[in-house]
Amino acid sequence: MTVPPLVSLTARRIGASLITLFFVSLAVFGIAQLMEGDVAEAILGQSATPEALAGLRAAMHLDQPAWARYLDWAGGVLVGDPGRSLITGLPVWEMIAARLGNSLTLAGLTALVSVPLALLLGIVAAVKRGTAFDRAISIATIGVVSVPEFLIATLAVMLFAVTLRWLPALSSTRDVHSMWDLLRVFALPVFSLACFVMAQMVRMTRAAVIDALDTSYAEAARLKGCSPARVVLRHALPNAVGPIANAIALSLSTLLGGVIVVEIIFNYPGVARLMVDAVATRDLPLVQTVAIIFCIAYLLLVTTADVVAILANPRLRHR
Amino acid sequence: MTAPLARIEHLRITATGDDGREIVIVPDATLSVAPGEVLALIGESGSGKTTIALSLMGYARPGCHIAGGEIEVAGIRLDGADADTLRGLRGRTVAYVAQSAAAAFNPSLTIMAQVIEPALIHGTLDRAAAEEKAKALFRRLALPDPDGVGARYPHQVSGGQLQRLMAAMALITDPKLVIFDEPTTALDVTTQIEVLKAFKDAVRDLGTTAVYVTHDLSVVAQIADRIAVLRGGEVQELGPTDQILFAPRHDYSRALVAAAAPRAPAVAPALVDDRPLLELWGVVAGYGGTNHDGTPRTRILDGIDVSIRRGQVLGVIGESGCGKSTLARVAAGLHPPTAGRILLDGRPLSPIVRRRSRDELRRVQMVFQSADTALNPAVRVGAAIARPLAFYHGLDRRSARAEVARLLDLVRLPAALAGRLPGELSGGQKQRVNLARALAARPDLLLCDEVTSALDPVVAEAVLDLLIELRRELGLAYMFITHDLEIVRAISDDVLVLYAGRVAERVTRDGLGHGAHHPYTRLLTASVPELRPGWLEETPARDAGAAGGARMRAQGCSFQPRCPMAIDACAAEMPPMLIEDDRRVFCHRSVEMLTPA
Amino acid sequence: GFEPAKPEPAGGRLRVAVAVSSTADTMDPARQTVVTDFCRCAMVYDGLTRLDAQFRPEPALAEAIETADARDWSIRLRKGVRFHDGSPLTVADVVYSLRRHLDPGVGSKARVFAEQFASVVADGPDRVRVVLKSPNADLPTILGIQQFQIIRDGTREFHRPIGTGPMRMIEFAPGVRSIAARFDDYWRGPVRLGEVELFAIPDDSARINALLSGDVDLIHAINPRMARHLTGAGFELLETKSSGYTNLIVRVDRAPGNNPDFVAGMKLLLDRETMRTAIFRGYATIGNDQPIAPTNPYYDPSVPQRPFDPERARFHFRRAGLIGAQVPIVTSTAADKSDDMAVLIQDAGRRAGIDFDIRRVPSDGYWTNSWMKVPLGFGNTNPRPTADISFTQFFASDAAWNESGWRNARFDRLLVEARGETDEARRKSLYGEMQHLVHDHAGVGIPLFLSLLDAHSPRVKGLRPMPQGGLMGFDFAAHVWLEGA
Amino acid sequence: MRGLGPSGRIGLVLVALWLAVALVGPAIAPHGVGEVVDLDVFGGISRAFPLGTDYLGRDMLSRLLVGARYTVFVAFVATAIAAATGILLGLAAAAGGWIDVLLSRAFDIVIAIPSLMFALVVIAATGASIPVLIGTLAVIYTPGAFRTARSLAMGVMALDFVAAARARGERLPYIVVREVLPNVTGPLAADFGLRFVFVVLLLSGLSFLGLGVQPPQADLGALVRENIAGLGFGAAAVLFPAVAIASLTIGMNLLIDSLPGRRRR
Ligand SMILES: Nc1ncnc2c1ncn2[C@@H]1O[C@H](COP(=O)(O)OP(=O)(O)OP(=O)(O)O)[C@@H](O)[C@H]1O
Ligand SMILES: Nc1ncnc2c1ncn2[C@@H]1O[C@H](COP(=O)(O)OP(=O)(O)OP(=O)(O)O)[C@@H](O)[C@H]1O
Ligand SMILES: [Mg+2]
Ligand SMILES: [Mg+2]
């Protein structure tokens with residue numbers, strides 16, 4: 001097996017990603033400048049008199065020109081130190097690190113639950129396409145995403161935490177001491193998130209598997225006497241990996257930044273809320289750094305999906 | 001006569017059209033196969049050969065279904081059989097070698113995994129034994145590197161080899177019945193001969209019963225015991241090979257056989273003039289990007305000079321993968337060469353399609369090799385043909401419709417086909433739609449890439465007649481790419497023989513039959529099957545070494561490894577050009593050596 | 001419910017959920033802004049005085065505060081008070097704590113009050129002398145404002161806060177949670193609670209569900225609409241009648257509010273009764289377009305109650321020539337329930353011939369971008385300890401937060417006079433007249449004084465309402481205990 | 001209609017129903033959207049108020065009838081714009097070259113900008129109105145449509161019939177629209193259906209921020225959101241708008257899934 005094409009391709013992708021990141025940092029910084037208000041106004045709130053504002057701004061070095069602040073921040077990010085939060089004065093990285101861990105845990109567990117389930121549902125729907133079962137899965141997945149996630153999450157809490165008292169209403173990683181705790185603490189948020197991310201994966205899996213099942217080699221496999229399960233798992237699936245991986249990557253990329261409702265309802269300290277807080281208080285070093293982290297996560301997932309697609313395709317793997 | 005191994009009685013197969021209409025594909029077919037015999041299904045393209053062959057596995061393609069009749073194989077009734085019965089039968093009792101092996105192999109599994117799969121599913125062998133048996137079959141089917149080929153992926157193996165690998169897959173369970181669906185249609189003659197040989201030996205040695213689908217009578221003559229002639233889904237005539245080939249009774253059978261007889265060469269029209277229409281000089285082209293010095297990473301064409309005059313037909317032959325289609329794509333501007341010049345009417349023609357004027361584009365039209373993919377599956381036939389009319393000639397919708405009908409008629413297709421989507425056509429029908437679309441542009445030069453490969457002799461003849469007529473009437477010139485030497489002989493004025501991306505020889509049609517030739521040209525001509533049972537056993541070409549996978553060599557003659565006359569210089573130096581009045585041969589040996597005794 | 005595996009400390013562990021918390025959470029007393037800040041600071045720090053249920057100052061870290069002229073004040077510190085790290089309270093700490101409010105870089109919320117200080121100096125080992133720029137009899141009350149809590153001399157970092165309060169912070173993660181444990185050396189003697197865990201659940205339903213499921217014991221800021229749900233399930237409500245309000249603001253210094261008829265009409269459009277029942281489910285007291293609540297000793301009952309009267313409003317609008325006009329009205333969730341109030345005003349406006357165009361704007365940035373800048377909008381004010389502070393901050397002509405841009409020379413004179421007045425009866429009549437002036441002329445409509453609603457499990461004992469704010473004026477930790485802990 | 005099959009017909013009926021509500025809803029609403037008609041809040045189903053009353057005591061039926069048009073039209077138009085731009089650019093990018101590089105990077109950047117920040121900036125820059133709301137929704141969802149269209153079209157672009165069109169001299173717009181697009185409509189339509197659901201949900205979030213639909217009007221998602229307090233009592237005011245959203249989006253997807261030409265899938 002020759003590796004070089006893969007390596008060079010991956011390297012090229014990483015290079016492109018770095019350039020993208022640079023532009024993202026510019027764009028995020030630019031947008032942040034366009035936002036009305038600044039951190040001094042946010043701190044003072046109702047009591048923001050002009051002289052109080054001017055004093056606080058000077059104390060926080062906000063009176064420097066924008067490009068100087070950008071260079072300061074971007075330079076810091078490059079050497080791994082994105083500076084200090086304007087609000088708390090803590091190192092930005094310290095504030096993010098703890099919450100990023102939490103978010104990754106939640107996202108990871110959700111992926112662990114939703115990806116296999118979505119694959120299963122998508123595959124079964126593809127195999128039984130056109131049947132009542134297929135339609136039921138399609139209606140159910142659309143129905144579930146179409147219910148606002150705060151409603152799903154709240155209903156789940158009311159049922160499992162308030163009425164049945166099986167699970168906690170809040171998810172605090174601090175209270176996790178055993179595997180059992182972990183299951184209990186994460187059951188509801190993971191459930192709510194899974195409802196949200198599964199639809200896209202189920203639909204894409206179904207479509208990709210159907211495509212693969214329509215090919216001559218799938219027909220040939222049937223004519224060899226393969227059982228339907230074997231046709232799907234051994235013949236169709238490996239060829240559908242590319243689009244499926246792409247859909248999974250896109251769905252999962254929403255898990256870090258797009259889960260604000262779930263973090264709020266379960267009082268889960270993750271990066272999404274950190275981001276919203278930071279935007280609300282115009283804590284720009286924090287906002288920008290979190291945005292860059294989201295972007296890195298996104299690029300990482302998408303690139304991984306591309307590489308997986310290449311690995312799954314011997315035509316690309318062996319040139 | 002012993003009880004048949006397989007029989008079909010009053011079979012009726014229908015399809016559901018896109019609008020819900022029912023289309024009858026096979027109205028009423030009856031035939032049977034005796035144990036140990038090879039039955040050939042022949043007939044025009046779209047006559048239901050594939051459909052009937054598949055019904056022997058109890059299978060109907062998506063959109064089609066078996067609507068009536070009886071099917072019995074090895075004592076088991078297949079019509080209405082449940083899924084388990086069918087699954088137990090497919091790949092075990094009946095095995096199938098698909099029309100296009102390249103598409104039937106799963107691109108992401110190794111060849112060995114796919115070849116031994118039937119044995120594993122049906123539990124006839126364990127993995128180790130199956131692999132052993134597969135290797136034995138590879139050897140028997142004369143595949144190169146029988147021990148290593150299994151570890152490769154399908155795209156790493158040539159088309160002819162895949163066809164044989166597919167046969168190995170079919171034979172691994174020792175099935176009672178094997179169905180070959182046009183296994184050699186897409187292959188060049190040198191590869192075809194090998195595949196045929198391999199099949200025939202395998203069938204004979206293993207005592208297998210076979211159904212062999214084809215439209216090529218010469219092939220049938222080599223392999224079949226009995227022949228069923230199909231038309232419109234019905235069996236027109238069923239009889240022993242000799243009888244059908246030499247004493248056909250049915251009108252249609254007679255037409256078929258007549259069409260397969262060697263054609264009288266077409267007479268060159270007066271319109272041919274000496275001005276070159278299209279010229280390519282020193283073309284170098286390849287794939288996979290370019291190196292720093294501007295040469296292609298993988299060089300496919302090297303130093304090709306071609307010129308076609310007005311009204312001239314240039315036949316291009318050579319084995320699969322030698323770069324014929326690439327040459328056509330270069331001429332069409334679809335694949336810019338890394339070196340070389342293209343001239344039209346003596347004026348430079350941009351190598352890039354985008355830079356060519358609309359009129360230049362109109363004058364050079366291309367008929368793509370794979371009819372399947374060259375038609376947009378979402379565009380109806382009528383609209384596809386009407387587009388060049390509107391695009392080049394600004395025809396309005398109404399006059400375009402009449403013109404479409406005329407063009408369809410020219411290529412012997414019913415006007416009603418205009419409303420169909422490509423997915424609802426058979427392979428040969430698609431090929432003719434492609435031709436009609438190219439003709440709609442009213443070009444000066446047609447680049448025909450295998451336009452008759454999927455056609456039965458009757459229709460192929462009609463299409464060739466059409467091309468000759470157009471040439472006579474309009475002075476149309478052709479670059480005619482084919483692997484059918486019979487056709488080349490019949491239609492071309494000049495013949496260009498390519499080997500591994502270089503010109504091996506250029507010769508006039510009349511010069512083809514005699515005089516000095518490149519050893520590869522000789523191998524080619526010897527490989528053309530004749531309509532004569534027993535030819536396969538006698539032809540000297542059957543022992544001419546492994547075909548396929550010919551590589552362009554950086555230095556020396558690429559044909560050297562296969563060449564019976566190779567000398568030391570062949571490996572080291574580029575062959576010089578030997579010029580005779582009607583031919584140019586690139587070879588190290590002398591003209592005398594190259595002239596057969 | 002969910003039981004943590006960790007053993008409870010003696011005195012029990014109280015879990016409290018409030019509504020707002022973010023990375024902006026602070027333990028700097030000068031910057032405290034939201035409920036979590038107030039609660040945490042109340043646990044960890046003490047002020048020189050503290051305010052009782054009538055907003056009267058009582059001594060805390062100051063043993064006595066003396067003055068002769070309401071201008072030159074002498075504060076005697078309590079002896080034997082220790083910080084959480086064991087160091088004793090000194091005058092230097094107090095001087096530092098008071099002076100830093102004047103540094104703009106601190107971003108103090110109490111800077112407006114601190115600006116009265118002409119000087120703050122040590123005066124012997126246990127006395128601090130504060131001289132004001134002008135006399136103010138309310139200084140002891142002002143020193144009871146939470147922002148004036150005392151920290152150690154020189155403190156600049158507040159991640160590991162040190163105070164003299166009843167609890168010491170053992171974990172402080174802004175926007176996540178805080179945990180405080182009983183301080184055994186507290187100068188008043190140790191409190192009963194063992195530990196307090198405080199965090200925010202921003203979502204109303206989620207907060208209530210957490211209480212219902214037993215994940216927390218005490219929650220702040222109940223949506224009045226959900227109160228019934230809680231009492232039905234056996235939980236207890238703590239209603240705190242406060243003098244905080246959400247008010248309609250009509251800028252009188254620009255159109256259309258520069259026409260007094262428009263202002264008069266707007267105030268008549270406030271359907272106080274429906275607001276009370278529909279929006280606040282009865283947890284509110286009818287207001288009368290002036291900021292002094294009936295619980296305040298200076299409240300003047302002679303100000304006539306303004307009715308809901310769209311017909312008369314129509315009359316005023318016609319006089320202003322605004323019938324059929326489309327008037328934008330800006331709301332935001334930042335001003336609590338202003339959305340709903342605007343909807344009711346809009347509905348009433350239809351009867352009075354004005355078409356209100358509601359513009360809902362984002363809550364972040366509301367206070368700097370929209371508040372006091374739009375012609376018609378809303379404000380939201382927490383309870384203020386004194387009438388003087390209310391009037392000085394919101395209604396004086398030169399007040400920073402003169403929400404409606406109202407200028408009244410007589411009012412300004414009365415304000416200064418009342419501030420220095422020591423005769424209670426006279427002071428009361430001065431404040432009465434000011435209430436009349438605001439009611440009649442200012443561009444502010446105060447429909448209701450809002451009650452604050454907290455809820456707790458029956459296990460939590462010792463809670464009683466304090467008008468400074470919910471959760472016993474944020475000071476619950478020093479007073480409550482858990483039954484059976 | 002006959003070609004749709006039973007589930008397609010159900011979808012069509014649901015979509016038609018909501019379209020009708022969107023068109024005539026305001027005309028047949030029994031009460032004003034902002035009118036407080038019931039002194040009690042979260043009233044149950046009654047003769048006077050068939051869908052109960054909301055958190056302020058307003059008639060839920062009227063609010064639903066009037067609010068539906070926002071969800072139906074705003075979400076639909078926004079999705080359509082997002083899909084149209086995303087698909088056209090995605091198809092153009094599939095042709096490769098610098099256009100692809102440029103567009104792909106540009107959309108990666110758009111994806112990376114947090115939508116909250118983006119919405120705040122938009123409000124600050126342009127003020128709030130329905131067109132701005134539609135534009136914002138469209139911008140947020142265009143990159144997704146772009147990626148999907150691009151990846152689907154890349155496969156088609158490599159096929160011979162596209163080469164045939166190029167050899168004919170067709171320009172990129174023709175190739176993209178007439179040759180490639182018809183071959184990817186199925187998956188793109190399915191993607192559209194899903195994207196519509198996401199837009200419906202995001203819509204309520206943005207109008208809550210103040211970016212468009214203003215009180216007393218509310219789109220269906222906002223109706224759920226503002227009445228969430230009633231969930232504890234199982235209030236009709238939460239239930240009905242949620243059911244409304246589900247029926248609209250499910251109907252839309254059933255219809256899309258059974259459009260002619262996709263049945264074979
Ligand atoms: N799904 C379908 N819908 C409508 N007609 C179809 C469908 N599939 C096949 N047909 C028609 O059925 C006929 C028989 O097709 P079949 O593939 O069996 O032909 P064939 O004899 O194998 O032709 P060829 O030599 O070109 O491969 C053709 O006329 C074709 O147009
Ligand atoms: N897009 C491509 N990328 C890389 N290699 C290619 C590509 N297209 C063709 N090739 C290779 O170029 C060589 C010449 O291909 P070409 O299609 O010109 O052959 P051909 O002579 O037309 O063969 P056939 O008779 O099988 O059609 C083959 O080895 C083929 O594998
Ligand atoms: Mg066929
Ligand atoms: Mg070719």
Chain A contact via [X] - which portion, at a heavy-atom distance below 4.5 Å:
| X | value |
| --- | --- |
| C:Phe199 | side chain |
| C:Val112 | neither |
| C:Ser21 | backbone |
| C:Thr23 | both |

Subject >> Over 12 foreign heavy atoms within 6.0 Å of CZ, C:Phe117 >> reply: yes
**OP:** Could you have a look at C:Asp25, C:Asp203, C:Asp103 and say which one has the most heavy-atom pairs with chain A under 4.5 angstrom?
**Re:** C:Asp203
Rounded distance [0.5 Å steps], [atom1] in [X] versus [atom2] in [Y]:
| X | Y | atom1 | atom2 | value |
| --- | --- | --- | --- | --- |
| C:His229 | A:Met158 | NE2 | CE | 5.0 Å |
| C:Ser213 | A:Leu167 | OG | CG | 10.0 Å |
| C:Asn209 | A:Leu159 | CG | CG | 11.0 Å |
| C:Ile208 | A:Thr154 | CD1 | OG1 | 11.0 Å |

Subject >> C:Val176 and A:Arg99, any side-chain heavy atoms less than 4.5 Å apart >> reply: yes
Subject >> C:Asp215 side chain vs A:Ala169 backbone, donor-acceptor pair below 3.5 Å >> reply: yes
**OP:** Test C:Ile201 against every option in A:Ile264, A:Ile265, A:Leu170 by the side-chain contact (heavy atoms from CB on, under 4.5 Å) rule and name the one that passes.
**Re:** A:Leu170
